[in-house]
There are 2 protein chains.
Amino acid sequence: MTTRTSTDGARDIPEATVARLPVYLRALVTLADQGTTTCSSEELATAAGVNSAKLRKDLSYLGSYGTRGVGYDVEYLRYQIARQIGVTQDWPVVIVGIGNLGHALANFSGFRSRGFRVVALLDADEHRHGETVAGVDVRPFDDLDRMVREHGVAIGVIATPAAAAQDVADRMVACGIRSILNFAPIVLAVPDDVDVRKVDLSIELQILAYHEQRKANGADAVVPSVVPESVEQGSTARGGAA
Amino acid sequence: MTTRTSTDGARDIPEATVARLPVYLRALVTLADQGTTTCSSEELATAAGVNSAKLRKDLSYLGSYGTRGVGYDVEYLRYQIARQIGVTQDWPVVIVGIGNLGHALANFSGFRSRGFRVVALLDADEHRHGETVAGVDVRPFDDLDRMVREHGVAIGVIATPAAAAQDVADRMVACGIRSILNFAPIVLAVPDDVDVRKVDLSIELQILAYHEQRKANGADAVVPSVVPESVEQGSTARGGAA
DNA sequence: TAGATTGTTAATCGATTAACAATC
DNA sequence: TAGATTGTTAATCGATTAACAATC
């Protein structure tokens with residue numbers, strides 16, 4: 001392995017920063033679409049929903065792409081961020097599980113516009129085979145291997161029910177996929193060198209519910225602390241929640 | 001406002017912990033379904049995909065629900081976490097935007113099983129009105145007010161295209177909704193007392209792409225540093241990325 | 001009692017923020 | 001030059017982790 005030869009100062013970008021770069025990228029695209037050619041860190045930060053100190057700190061990990069006293073060139077910064085994230089190149093993606101969610105994902109324009117190309121739709125249910133979604137045929141799950149090889153797929157999306165997800169992940173890993181976006185509500189077990197990101201709809205709602213409950217209970221107890229009989233403590237647990 | 005009278009020691013639970021409680025809850029449900037009645041922090045942590053130190057620290061914010069030398073009673077801990085999150089109560093939810101994603105959300109069983117009840121499906125497109133999804137009629141967006149009042153909706157889900165999302169959010173806020181789950185790829189502007197959580201599919205893929213690119217480039221430069229003519233710097237930017 | 005495991009402490013690590021010197 | 005804004009420093013804050021005393 002040769003030493004890296006990046007031309008900018010970027011070495012290790014903190015995870016929190018990596019997660020915000022796509023937000024900045026989107027804000028820059030919006031600004032460009034509006035005809036804005038230059039923006040300050042303050043303007044870009046507002047568009048991205050963060051404060052300007054954080055924005056400048058984040059951008060400083062990429063290099064020095066602004067001009068003091070002036071701001072940032074929108075197109076230039078946009079390109080630099082896109083390059084760092086890797087969305088200047090083409091990413092072939094496979095989606096497994098073509099239910100409602102799989103359909104939504106296959107049709108999602110935000111993928112294509114950012115270099116993600118859905119090259120295969122796979123489903124274990126043969127009733128779905130032959131259907132075409134967003135111009136791509138739905139094929140048997142067993143075609144995974146071939147699709148990954150033929151198209152050089154590096155990213156897999158799992159949109160199956162929870163019960164099937166681990167199996168799908170195992171097969172993806174066996175095919176050489178090392179980046180997985182998982183929509184199934186289950187913790188996947190994968191080797192260390194495989195990245196899994198999880199999108200969990202019910203967890204997001206539960207986090208909202210927690211905060212909503214706190215808002216609603218400003219004038220009252222945290223929660224009605226009645227332990228229903230069905231969950232009364234087992235032998236090891238202590239006194240009730242009076 | 002009366003002082004809070006919670007019976008446990010829980011006061012302010014850190015955000016990072018709040019985000020993990022639903023994961024623990026799911027792991028406990030899975031364990032219970034398998035017939036497990038007691039588990040150690042180590043077992044539960046493994047099931048949840050975290051380390052046991054973090055799990056115990058997280059649980060310590062809720063109170064003291066384990067037994068030293070023994071572990072946790074699965075049903076009892078499950079109830080305590082559900083109560084803290086607020087999913088022992090019923091949360092009426094409205095979904096706006098009944099495209100593929102809206103359909104997927106309306107049909108998602110993970111909502112109902114955690115106390116989230118979809119009471120209204122709204123769409124601005126009148127071609128969708130009258131359709132029934134998961135047993136709920138699709139109605140005009142203008143019914144929002146009435147639905148929120150009639151059902152006591154506290155949580156709104158936005159599954160519209162980006163262009164419509166801010167409008168929808170404004171209307172939701174005007175109706176008194178203070179918790180929003182947003183699937184539209186746009187930064188929403190809302191008052192301070194409104195919680196917005198964002199699920200952004202293309203951002204998740206971009207984060208994966210960033211890491212995938214780093215893996216692939218172990219033996220090479222970080223990125224092919226060629227600046228295409230179309231994005232050559234404007235007047236303010238400095239030298240090329242040679 | 002001896003063994004096991006929790007709940008908590010304290011150290012470490014990483015992220016955020018404000019402030020300002022550098023500089024266009 | 002004077003005004004504006006970046007890039008960076010240093011302080012603060014919050015999250016993670018390891019270790020262990022408390023205790024079942």
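Scope of the values below: all heavy atoms of this structure, side chains included, with no hydrogens, waters or symmetry mates. Just so we're on the same page: letters track the sequence lines, and every chain starts at 1. Just so we're clear, the structure is a prediction, and the values are computed from it rather than from any experiment.
Applying the salt bridge (charged side-chain N to carboxylate O under 4.0 Å, His left out) rule to pairs touching residues 55-64 of chain B yields B/Arg20-B/Asp58, sequence neighbours excluded. The stretch residues 183-203 of chain A participates, sequence neighbours left out, in these side-chain hydrogen bond (donor to acceptor under 3.5 Å, both in side chains) pairs: A/Arg197-B/Glu204, A/Asp200-B/Arg26, A/Ser202-A/Gln206, A/Ser202-B/Arg26.
To the nearest 0.5 Å, atom CG of residue A/Leu25 and atom CZ of residue A/Arg83 are 13.0 Å apart. Taking CG of B/Leu28 as the reference point, atom OH of B/Tyr79 lies at 14.5 Å (rounded to 0.5 Å). Between the CZ atom of A/Arg78 and the OG1 atom of A/Thr88 there is a distance of 12.0 Å, given to the nearest 0.5 Å. In this structure, OH in B/Tyr24 is found 10.5 Å from CG in B/Leu77, a value given to the nearest 0.5 Å.
Taking 4.0 angstrom as the limit, B/Tyr72 places a side-chain polar atom (N or O) nearer than this to OP1 or OP2 of C/dG7. For A/Ser41 and D/dT5, the shortest distance from a side-chain N or O to OP1 or OP2 is not below 4.0 Å. Between D/dG7 and A/Ser64, a contact under 4.0 Å exists linking OP1 or OP2 to a side-chain N or O.
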What nitrogen or oxygen pairs link the protein and nucleotides 20-22 of chain C at under 3.5 Å?
residue, atom, partner, partner atom, Å
C/dA22, N3, A/Arg68, NH1, 2.8

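In terms of the side-chain contact (heavy atoms from CB on, under 4.5 Å) criterion, residue partners of B/Asp90 (sequence neighbours excluded) are, by chain and number, B/Pro92, B/Arg117.
Here the C1' atom of nucleotide D/dT17 and the CD atom of B/Glu42 are 13 Å apart, to the nearest Å. Atom OH of B/Tyr76 is separated from atom P of C/dT6 by 16 Å (rounded to the nearest Å). Following rounding to the nearest Å, A/Tyr65 (OH) and C/dC24 (C1') show an atom-to-atom distance of 19 Å. Taking atom CG on B/Leu44 and atom P on C/dG7, their separation rounds to 12 Å, with Å as the unit. D/dT6 atom P lies 13 Å from atom OH of A/Tyr24, rounded to whole Å. Taking atom CG of B/Asn51 as the reference point, atom P of D/dA18 lies 6 Å away to the nearest angstrom. Rounding to whole angstrom units, CG of residue B/Asp73 and P of D/dC24 are separated by 16 Å. Taking atom CG on A/Leu77 and atom C1' on D/dT5, their separation rounds to 14 Å, with Å as the unit.
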Paired and unpaired positions of DNA chain D as dot-bracket, Watson-Crick or G-U wobble under 3.5 Å, | denoting a partner strand:
..||||||||||||||||||||||

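What you find for A/Gln84 and B/Tyr210 is that their closest heavy atoms are O-CD1, 3.3 Å. Shortest non-hydrogen contact noted between A/Gly86 and A/Trp91 is O-NE1, 2.8 Å.
Looking at B/Leu201 and A/Phe108, their side chains come closer than 4.5 Å, going by heavy atoms from C-beta outward.
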Using a 4.0 Å heavy-atom cut-off to protein, can you give one letter per nucleotide of nucleotides 10-15 of chain D, 5' to 3': B if the base is in contact, S if only the sugar-phosphate is, - if neither?
-----S

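Counted by atom type alone, A/Glu43 and A/Ser40 present one or more donor-acceptor pairs between their side chains at under 3.5 Å.
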